[in-house]
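Notes to accompany the following structure.
The chains referred to below are lettered A, B, ... by the order of the sequence lines, with proteins before strands, and numbering in each begins at 1. Only a predicted model underlies this, so the values are computations on that prediction, with no experimental measurement involved. Scope of the values below: all heavy atoms of this structure, side chains included, with no hydrogens, waters or symmetry mates.
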There are 2 protein chains.
Amino acid sequence: MIEIAARLFLEKGYHLTSMDEVVHVSGISKSNIYYHFKNKEELAIGVIKWRISLLEQHIDELVRSKKSYKEKLNKMVALISNQECLDHDKGGCPFISLYLQAAQQSPRIHTVIKNFFLEQVPVVEEILQSGIAQKQITKAIDVRKTAKLIISTLEGALLLSEITADQHYMDDSLQTLTALLD
Amino acid sequence: MIEIAARLFLEKGYHLTSMDEVVHVSGISKSNIYYHFKNKEELAIGVIKWRISLLEQHIDELVRSKKSYKEKLNKMVALISNQECLDHDKGGCPFISLYLQAAQQSPRIHTVIKNFFLEQVPVVEEILQSGIAQKQITKAIDVRKTAKLIISTLEGALLLSEITADQHYMDDSLQTLTALLD
DNA sequence: CATGATTAGAACTATACAGTACTAAAAAGG
DNA sequence: CCTTTTTAGTACTGTATAGTTCTAATCATG
């Protein structure tokens with residue numbers, strides 16, 4: 001159910017997805033949905049937490065893996081944008097999308113998403129450290145600021161790929177950025 | 001009226017701003033609004049076009065100005081995020097915000113915003129060229145790709161500044177990026 | 001099997017909100 | 001002035017949709 005709601009919220013938008021639609025598409029009764037989630041806001045929070053926990057597993061593996069830091073970053077983008085599995089290319093970052101649609105009316109949604117992004121900074125820092133350790137990054141950099149820069153770029157490029165329908169936006173941006181770090 | 005609608009759509013969100021609220025806050029009658037705009041979608045398009053035309057003037061001046069390319073980029077961010085004038089710090093990029101909220105139901109909104117972002121690429125390219133001409137950028141770069149990278153970074157950092165409530169996100173990211181270009 | 005948790009169904013409420021209808025007053029402008 | 005455009009007011013319609021209520025079936029499990 002959460003999976004369906006997550007997909008609908010992302011593809012159609014939060015306010016344009018009615019609870020009846022979640023019911024219909026998921027095949028789960030409305031009583032049941034409201035049995036598990038007090039209201040639509042709670043469902044959204046459920047969706048976000050579900051996505052975060054999925055991501056955290058994969059990102060954890062990723063950071064510990066033996067890939068180059070560039071590969072790690074690329075994989076991280078793929079994870080955040082598509083959520084590993086997907087046939088549906090429709091996308092962009094689910095967190096940004098939900099944030100802009102629902103965080104105004106829900107401080108909790110705001111907080112959950114805010115914390116998610118704050119937690120990604122040390123993750124990217126670790127990836128950068130691995131790149132430095134392996135001499136793939138030669139420039140002297142401020143690791144924290146560079147991590148922020150990378151997250152900004154990922155999220156921005158993700159959006160602009162979608163908006164401009166230019167699939168190269170992401171690759172071009174990321175590739176250009178990592179080239180600058182060599 | 002458009003100015004009020006623009007502010008409300010940005011601060012409260014498109015779907016969370018009712019036409020009655022626009023009426024109330026602007027002090028303009030509903031008949032009048034619907035006299036000028038067929039429906040809410042047209043109002044949104046009006047808002048977007050208004051913001052774009054405002055921006056284009058300022059960006060035009062900016063590109064022709066004598067500042068360094070870093071100053072130009074910084075100014076450009078300020079323009080896109082705040083729209084020059086503002087007391088209200090609430091923000092993020094109005095185009096991204098409206099895109100994620102309304103483009104699913106309105107192909108026209110999608111198109112207008114898409115075109116806006118496509119048009120920014122050559123603008124940033126020009127700024128970069130000026131940086132190269134003035135030897136402020138020493139690295140050999142692919143200008144087009146770097147322009148995309150910069151736009152991605154700006155938009156991403158704008159979002160993350162807002163989400164994480166970290167006002168340094170933008171400065172840190174942009175500063176780190178331009179440092180890499182030196 | 002008995003008890004509590006989970007699921008379904010279906011009809012219903014309440015309300016927010018986009019959009020309309022109609023009348024009429026001001027402005028604008030030639 | 002006379003005509004057209006723009007503005008206001010007010011009441012109204014229709015609909016989408018979040019959320020409720022109540023009943024009853026099914027499931028899990030000690």
Side-chain angles (χ1 to χ4, degrees), chain A residues 1-51 53 94 97-113, chain B residues 1-51 53 94 97-113:
Chain A
M1 156 170 48
I2 277 209
E3 215 165 326
I4 300 287
R7 207 190 73 219
L8 291 175
F9 286 167
L10 179 61
E11 288 178 3
K12 303 203 32 168
Y14 178 67
H15 292 288
L16 297 175
T17 301
S18 69
M19 292 301 271
D20 281 324
E21 199 166 354
V22 177
V23 167
H24 179 251
V25 177
S26 69
I28 289 167
S29 71
K30 185 182 268 196
S31 341
N32 201 9
I33 294 180
Y34 277 100
Y35 177 77
H36 288 285
F37 302 97
K38 195 167 120 267
N39 50 35
K40 198 181 180 183
E41 181 190 352
E42 295 295 327
L43 177 56
I45 293 173
V47 163
I48 296 167
K49 290 191 171 170
W50 173 73
R51 295 204 108 119
S53 76
S97 174
L98 265 171
Y99 180 89
L100 286 176
Q101 295 183 69
Q104 287 105 335
Q105 45 172 190
S106 168
R108 293 184 52 207
I109 292 183
H110 178 108
T111 305
V112 176
I113 296 181
Chain B
M1 155 171 45
I2 276 209
E3 216 164 325
I4 301 288
R7 207 190 72 219
L8 291 175
F9 286 168
L10 180 62
E11 287 178 2
K12 304 202 32 168
Y14 178 68
H15 292 288
L16 297 176
T17 301
S18 69
M19 292 301 270
D20 282 323
E21 198 165 356
V22 176
V23 167
H24 179 252
V25 176
S26 69
I28 290 168
S29 70
K30 186 182 266 195
S31 342
N32 201 9
I33 294 181
Y34 277 100
Y35 176 77
H36 289 286
F37 302 97
K38 195 167 120 268
N39 49 38
K40 198 181 180 182
E41 180 190 354
E42 295 295 326
L43 178 57
I45 293 173
V47 163
I48 296 168
K49 289 189 170 170
W50 173 74
R51 295 204 109 117
S53 76
S97 173
L98 266 172
Y99 180 89
L100 287 176
Q101 296 183 67
Q104 288 106 333
Q105 44 171 187
S106 167
R108 293 184 53 206
I109 292 181
H110 177 108
T111 306
V112 176
I113 295 180

For the pair A:Ile28 and A:Val23, evaluate side-chain contact (heavy atoms from CB on, under 4.5 Å) and give the outcome as yes or no after the intermediate values. CA-CA 5 Å; A:Ile28 289 167; A:Val23 167; over 6 Å; no

Go through it in stages, so that I can follow the logic: the residues are A:Leu98 and A:Tyr14, the test is side-chain contact (heavy atoms from CB on, under 4.5 Å), and I'd like the CA-CA distance, side-chain angles, deciding distance and then a yes or no. CA-CA 7 Å; A:Leu98 265 171; A:Tyr14 178 67; 3.9 Å; yes

Please step through side-chain contact (heavy atoms from CB on, under 4.5 Å) for the pair A:Met19 and A:Leu43, ending with a clear verdict. CA-CA 10 Å; A:Met19 292 301 271; A:Leu43 177 56; 4.0 Å; yes

Would A:Phe37 and A:Ile2 satisfy side-chain contact (heavy atoms from CB on, under 4.5 Å), going step by step from the backbone distance to the final call? CA-CA 10 Å; A:Phe37 302 97; A:Ile2 277 209; 3.7 Å; yes

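Residues satisfying the ring-ring contact (aromatic ring centres under 6.0 Å, His included) criterion with B:His24, sequence neighbours excluded, are absent altogether. For B:Asn39, the side-chain hydrogen bond (donor to acceptor under 3.5 Å, both in side chains) test picks out no residue, with sequence neighbours left out. Remark: A:Glu42 pairs with A:Arg108 by the salt bridge (charged side-chain N to carboxylate O under 4.0 Å, His left out) rule, at least two apart or across chains. Residues satisfying the side-chain contact (heavy atoms from CB on, under 4.5 Å) test with B:Thr111, not counting sequence neighbours, are B:Asn115. Here B:Lys49 pairs with nothing under the salt bridge (charged side-chain N to carboxylate O under 4.0 Å, His left out) rule; sequence neighbours left out. Residues passing the salt bridge (charged side-chain N to carboxylate O under 4.0 Å, His left out) test with B:Glu21 are B:Lys12, sequence neighbours excluded. With sequence neighbours left out, B:Ser29 forms a side-chain contact (heavy atoms from CB on, under 4.5 Å) with B:Ser31, B:Asn32.
Axis deviation across the helix from C:dC1-D:dG30 to C:dG30-D:dC1 amounts to 30°, comparing end segments of five pairs, rounded to 10 degrees.
Between B:Met19 atom CE and C:dA18 atom P there is a gap of 7 Å when expressed in whole angstrom units. The distance between atom CD1 of B:Ile33 and atom C1' of C:dT20, rounded to the nearest whole Å, is 15 Å. The nearest whole Å value for the distance from the OH atom in B:Tyr34 to the P atom in C:dT20 is 7 Å.
Protein chain A contacts DNA chain D over a range whose 5' and 3' limits, counting nucleotides with an atom under 4.0 angstrom from a non-hydrogen atom, are D:dT17 to D:dT20.
Considering only heavy atoms from C-beta on, B:Trp50 comes within 4.5 Å of B:Glu3 through its side chain.
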All N/O contacts under 3.5 Å from nucleotides 23-25 of chain C to the protein, with atom names and distances to one decimal?
none

In B/S/- notation (B base, S sugar-phosphate only, - none; protein heavy atoms under 4.0 Å), nucleotides 4-10 of chain C written 5' to 3' is -SBBBB-

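Sorted by first and then second residue, the salt bridge (charged side-chain N to carboxylate O under 4.0 Å, His left out) pairs with a member in residues 25-40 of chain A read A:Asp20-A:Lys30; sequence neighbours excluded.
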